[in-house]
Amino acid sequence: MAQAAKVFSSLSCFCQSVIIPFIPNSSKSGLICQDQIEKFEFCNTLKCRREKRSKQMDGKLIVFEGIEGCGKTTQLQRSRQWLTTQLGSEVMTTREPGGTQLGTEIRQLLLHGEEEIYDRTELLLYAADRAQHVEGFLRPHLEQGHWILCDRYTDSTIAYQGYGRELDFELIDQLNQIATGGLQSDLTLWLDIEVEAGLERMQKRGQRDASGTGKPDRIEQASLDFHHRVRAGFAALAERDRDRVLRIDASGSEDEVEERIQTVLSQALANWEL
Ligand SMILES: Nc1ncnc2c1ncn2[C@@H]1O[C@H](COP(=O)(O)OP(=O)(O)O)[C@@H](O)[C@H]1O
Ligand SMILES: Cc1cn([C@H]2C[C@H](O)[C@@H](COP(=O)(O)OP(=O)(O)O)O2)c(=O)[nH]c1=O
């Protein structure tokens, strides 16, 4: 009898501490004592706070990545139009580097400055641009529930400064973490194209760059090997983070690529229950 009472008591304790808190309205069952009700209510308050926090982040951050000439800028604009219709509300666009006023100056220094920029300086400048962009643009708009399409983000730094320049990956991860405060993309579309095809598109574009000089920027001038390493970097990222970084075949016409992107975005909207 004493043994049975012991077993009942431990079972009851187990139910109160482990099972009951997960049963909705279990506090009404009369089985749990006051301090457990308080614990349960405390958990609910925390859960509620957590839900409120994630509700504040109702916006989505969708990033377009890829090597030069893969068609990011073109497809980002097309996706903006399509998503605006799907969502029935405006979708914002931005880019890195250069998504803020300070970032525009950093972009100019990075891509068109006269002075040689050392690899670690370059890394730090991209990180500075990102810190300003996250704090001053991305986070506030996401918190207001806006959807944002961003031309390049953290994965570019891993691909270009990590795989391309061969800087230390741990250092890059740390800097990405510092610059973003942990803000990750909800989805990254990696527009994948052969290096030569991308560079050919760039040449055809006649370097209609924001600089207006018509000259290829510093990174576009880097060696073919460099661009191959960058592409391999994006491939590694897509392999490592399969749920977040999705490869889009960026060969073919603009319409064909757009259709592929819309298929992926439709799936994402369904997953996000929109
Ligand atoms: N699918 C495509 N086929 C052929 N040319 C393209 C395609 N997508 C973009 N382009 C052209 O290639 C050039 C580079 O495209 P852009 O969108 O600026 O690429 P990125 O921003 O990735 O460098 C532009 O002149 C653009 O009109
Ligand atoms: C965001 C970012 C961009 N970059 C480089 C990639 C591009 O060469 C350049 C500017 O990006 P972008 O304007 O997207 O160039 P493009 O339209 O020609 O593809 O900055 C990095 O090296 N590291 C980074 O973290």
Side-chain angles (χ1 to χ4, degrees), residues 63-80 93-100 103-104 106-113 117 119-134 138 149-167 169 171-173 175-176 178-180 185 188-211 213-223 226-227 229-231 233-234 237 248-261:
V63 175
F64 287 67
E65 292 280 12
I67 59 165
E68 331 286 317
C70 66
K72 284 178 289 89
T73 314
T74 307
Q75 294 299 334
L76 186 140
Q77 290 308 333
R78 285 176 172 234
S79 295
R80 186 182 66 81
T93 60
T94 185
R95 68 174 176 182
E96 286 193 3
T100 60
T104 306
I106 296 176
R107 181 184 175 93
Q108 180 63 22
L109 289 174
L110 271 165
L111 301 179
H112 307 290
I117 301 180
D119 291 352
R120 270 185 304 160
T121 318
E122 179 184 84
L123 173 65
L124 290 167
L125 285 172
Y126 281 114
D129 167 75
R130 182 158 305 131
Q132 185 76 2
H133 193 212
V134 168
L138 295 179
L149 305 185
C150 185
D151 199 331
R152 300 193 182 280
Y153 193 52
T154 46
D155 294 322
S156 268
T157 316
I158 301 173
Y160 280 82
Q161 279 63 53
Y163 286 86
R165 302 273 188 239
E166 301 178 313
L167 290 175
F169 287 109
L171 174 66
I172 292 171
D173 280 347
L175 281 173
N176 270 342
I178 291 168
T180 62
S185 67
T188 293
L189 302 176
W190 165 40
L191 272 59
D192 183 32
I193 194 168
E194 297 277 339
V195 171
E196 292 76 6
L199 294 178
E200 198 183 312
R201 281 186 189 170
M202 292 301 286
Q203 270 164 10
K204 279 204 190 130
R205 183 170 85 174
Q207 313 303 335
R208 291 191 313 262
D209 191 79
S211 69
T213 59
K215 281 193 248 155
D217 67 42
R218 252 179 13 87
I219 292 186
E220 284 160 8
Q221 287 172 33
S223 71
F226 172 86
H227 292 290
R229 286 201 300 277
V230 172
R231 183 179 179 218
F234 283 120
L237 281 165
I248 306 280
D249 176 0
S251 64
S253 70
E254 291 182 16
D255 286 348
E256 284 169 332
V257 180
E258 182 181 10
E259 214 177 300
R260 291 174 202 138
I261 292 177

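Counting starts at 1 for both ligands and their atoms, in listed order. Residues take their numbers from the sequence shown, with the count starting at 1.
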Under 3.5 Å between any N/O of [X] and any N/O of ligand 1: does that happen in this structure?
X      : answer
Ala250 : no
Thr73  : yes
Arg201 : yes
Gly69  : yes

Element-labelled atoms of ligand 2 that are located less than 4.0 Å from some non-hydrogen atom of [X]:
X      : answer
Thr157 : 24 (C), 25 (O)
Met202 : 18 (O)
Arg130 : 1 (C), 25 (O)
Asp151 : 14 (O)

Distance check, rounded to the nearest 0.5 Å: [X] atom [atom1] versus [Y] atom [atom2]?
X      : Y      : atom1 : atom2 : value
Gln203 : Glu68  : CD    : CD    : 12.0 Å
Ile248 : Glu258 : CD1   : CD    : 11.5 Å
Gln75  : Ile261 : CD    : CD1   : 4.0 Å
Ile193 : Lys72  : CD1   : NZ    : 12.0 Å

Given side-chain contact (heavy atoms from CB on, under 4.5 Å), test Arg231 with Tyr163 step by step and report yes or no. CA-CA 9 Å; Arg231 183 179 179 218; Tyr163 286 86; over 6 Å; no
Between Arg107 and ligand 2, does any nitrogen or oxygen pair lie at a separation below 3.5 Å? yes
Scanning both residues in full, the closest heavy-atom pair of His133 with Arg95 reads CE1-O, 3.7 Å
Report the member of Gln161, Arg152, His227, Glu68 with the shortest heavy-atom distance to atom 14 (O) of ligand 2. Arg152
Heavy atoms of other groups near Glu196 CD, more than 12 under 6.0 Å: yes
If you count heavy atoms of other groups shown closer than 6.0 angstrom to CD of Glu259, is the number above 12? no
Among the heavy atoms of Glu122, does any lie under 4.0 Å from an atom of ligand 2? no
Looking at ligand 1, does [X] have a heavy atom less than 4.0 Å from it?
X      : answer
Gly66  : no
Gly252 : yes
Glu254 : yes

Verify side-chain contact (heavy atoms from CB on, under 4.5 Å) between Ser79 and Phe64, making sure each step is shown before the conclusion. CA-CA 10 Å; Ser79 295; Phe64 287 67; 3.5 Å; yes
Given Asp119 and Gln161, is the side-chain contact (heavy atoms from CB on, under 4.5 Å) satisfied, shown in steps? CA-CA 8 Å; Asp119 291 352; Gln161 279 63 53; over 6 Å; no
Hey, what's the ring geometry for Trp190 with Phe234, parallel, tilted or perpendicular (30° and 60° as the breaks)? parallel
Residue portion contacting ligand 2 (non-hydrogen atoms closer than 4.0 Å) for [X]:
X      : value
Arg95  : neither
Leu110 : neither
Ile67  : neither

Ligand-residue contact atoms, ligand 1 with Thr74, heavy atoms, under 4.0 Å: 9 (C), 15 (O), 16 (P), 17 (O), 26 (C)
Go through ligand 1 atom by atom and flag the ones less than 4.0 Å from a non-hydrogen atom of Lys72. 17 (O), 19 (O), 20 (P), 21 (O), 22 (O)
So Asp249 and Glu256, side-chain contact (heavy atoms from CB on, under 4.5 Å) or not? Walk me through it. CA-CA 9 Å; Asp249 176 0; Glu256 284 169 332; over 6 Å; no
Between Ser251 and ligand 1, find which residue part has any heavy-atom pair under 4.0 Å and reply side chain, backbone, both or neither. neither
